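Please read the structure below before turning to the comments.
Since this is a predicted model, take the numbers as computed values, not measurements. Proteins get letters first, then strands, A, B, ... in listed order; numbering begins at 1 in each.
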2 protein chains.
Amino acid sequence: MKKNVLIIGAGGVARVVAHKCAQHNDILGDIAIASRNVAKCEQILASVKQKNSLKVPGKLSAFTLDALDVEATKALIRETDSQIVINVGSAFINMSVLSACIDTGAAYLDTAIHEEPDKICETPPWYNNYEWKRRELCKEKGVTAILGVGFDPGVVNAYAALAASEYFDSIDSIDILDVNAGSHGRYFATNFDPEINFREFTGQVWSWQSGQWTSNKMFEIKRTDDLPVVGEQTTYMTGHDEVHSLSQNLNVPNVRFWMGFGEHYINVFTVLNNLGLLSEQPVKTAEGQEVVPLKVVKAVLPDPSSLAPGYAGKTCIGDVVKGKKDSKDKEVFIYNVADHKDAYNEVGSQGISYTAGVPPVAAALLIARGDWDVGSMVNVEQLPPQPFLGLLNEMGLPSRIRDEQGDRPLVF
Amino acid sequence: MKKNVLIIGAGGVARVVAHKCAQHNDILGDIAIASRNVAKCEQILASVKQKNSLKVPGKLSAFTLDALDVEATKALIRETDSQIVINVGSAFINMSVLSACIDTGAAYLDTAIHEEPDKICETPPWYNNYEWKRRELCKEKGVTAILGVGFDPGVVNAYAALAASEYFDSIDSIDILDVNAGSHGRYFATNFDPEINFREFTGQVWSWQSGQWTSNKMFEIKRTDDLPVVGEQTTYMTGHDEVHSLSQNLNVPNVRFWMGFGEHYINVFTVLNNLGLLSEQPVKTAEGQEVVPLKVVKAVLPDPSSLAPGYAGKTCIGDVVKGKKDSKDKEVFIYNVADHKDAYNEVGSQGISYTAGVPPVAAALLIARGDWDVGSMVNVEQLPPQPFLGLLNEMGLPSRIRDEQGDRPLVF
């Protein structure tokens, strides 16, 4: 039984993780939270206390950490006696935090793929470029590393695994739809770190089609679906982490990711992108200062966590899966609908952060209990989905299914 | 008879100034050009030689200069024995260059009002905040300083003075229209320094109406006119230098400035402005770097002088003047139409730079000849307009008038 959790990061998702760990600290033990900015960690712990999120009396502590520093991260894992590390910091720190976990034997969890600051949209499958290079080492050392265990990637990978094991004999296509039908009331904002958010859209859009990698441009291909609760929604084919593992781990010829955007978002994005303001490559001002434009855009945009109090509406994220069952065509939509206000009332974050932050805590509980403590590096679709989705049903992210028999809760 | 010209600045306007000075070097004498970037000065001189712009054999020289350094500027004025300084550098250097001229006795010419980097849209009239504080000193020392002698401000001020002296008994309104109906073929670009260009639009729009200062927002008020050559055009009330002198120097209750913008320009501007990316105030990135967003926008936009080769179409800039003549209502439109390609073929700059760069050379010729060597600080409307507009008719910027008698060239 593993216990004591170190959370790395102090944004909106980290806040959700901290609250949810606290709600299950009878199993998870001590909770430590660390980031470059310790004041943000302390604010999160204050919120945990203020909302009485701790299930049983327990230890909460905040630390300053540069998570690119492997030795410092190892020292903190040891100092806090953490056997589980939930990395919800910047996507740039995955590999250093993973190294620290491998060296200390702590279980590693993250919610987004590793990125290098000066590169976007590298050769697919992306996991091959960084994380999967450590697969052998994790296996050799018996270290549990669960990659991409947020909502998407994460829960949507479990939906895919569930579809494959329970609903289909063969799957032709998995289309993951991510729609935020909520509104933050600002002129423009991103729902998580703008730097990471925009990097998803400025390069090529990789999808897995007819069993091979296909490249498109952002906003080149769209679809419209009539979705539960949020109604008719237009989504655009987008590059996303889960396409890069599902395509390799499941025998499915078509895996695509679709994200919903309004016209205003697309207009602002298009202006910024066409001007070169979303570039991760530095430019030089007339005065000779070297600046990465994307970092300046991030600096002028609202802090995503500041959006939470005014956020209204719902998200709908799920998998449209098509294939054959008993030689007949079959289609299912497995999904979750989350409410921004409910999330804010419970943990002080908006719905996007909530959907990303609850799943890694469910995964941590499964590691603590032993169900998912596999002693190797895996993506979520390689693990049994039922205990994970069952826990999420109880933790605030209930799953539903819509198929030829109608729309109903998924019960485990 | 004053002679030898020092040009400060090395952008698109400076290129026009250099070519036009060369075309009149029999009167203007030696031509020196100085900027922070001497390579840009040398490129301009190479262009002057390549196009055989020198009227008579003469001296051309390039210098490195930080024009914020008054002593260095004085030393260069003395070293080059310049009696006329044409300042077409950044709007931030006006006061230091003016100081150097006052100390050395050289005549001073500029084409835009002084600005401080961290301030926009100060209290009107803007000239009161900087330049006009030196009026007494110029008079005392007998130094000629002609402020704002580009096209707008500059030629449009002369049009206003001409209307007042020749066409009207009393004037009710002067509406200056500035339309660029040309196209550079890029996604987005500004026609001169983006930093200065955007600063015109991010603050309040000051206009002089019913004899008092009136404040509006950018793009709040528009008009549509059927203009010569360029046809029907929508322009927006915009803050601009000449409103701040014409309102004080002419007894006219309404002075307004209107600039033409296409919907695409307005969309890009609105996105950047709403996001805070046009701010002249520094922001701090997540990494702690202090950056002025506007300087980053400038860094990613095309260099305005790079637009010249592909620029096509025409500009139309002029004054709609309404008032009374012989107790009857009268309206005139005094204007110039310039062609981007013609400008490029002649001097290697586009039409916007051409209209801004030719007038200060005409003014320099008038100072050299003595007509405008007034030994004090003036705005263009305080000088006799006829010799200036007469020279411009010959120098590539012919004026026309449209009134109840039709549309015809203005001849002097």
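Of the atoms belonging to Val283(B), it is side-chain heavy atoms, and not backbone ones, that fall under 4.5 Å from chain A.
For the pair Val300(A) and Pro293(B), the tightest heavy-atom approach, listed with the atom from each and the gap, is CG1-CG, 4.1 Å.
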Atom pairs, donor to acceptor, chain A/chain B, distance under 3.5 Å:
| from | atom 1 | to | atom 2 | distance (Å) |
| --- | --- | --- | --- | --- |
| Asn267(A) | OD1 | Asn267(B) | ND2 | 2.8 |
| Asn267(A) | ND2 | Asn267(B) | OD1 | 2.8 |
| Glu287(A) | OE2 | Lys295(B) | NZ | 2.9 |
| Gln289(A) | NE2 | Glu290(B) | O | 2.7 |
| Glu290(A) | O | Gln289(B) | NE2 | 2.7 |
| Lys295(A) | NZ | Glu287(B) | OE2 | 2.9 |

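Inter-residue side-chain proximity for Val297(A) and Leu275(B) is flagged as unmet; no heavy-atom pair is nearer than 4.5 Å.
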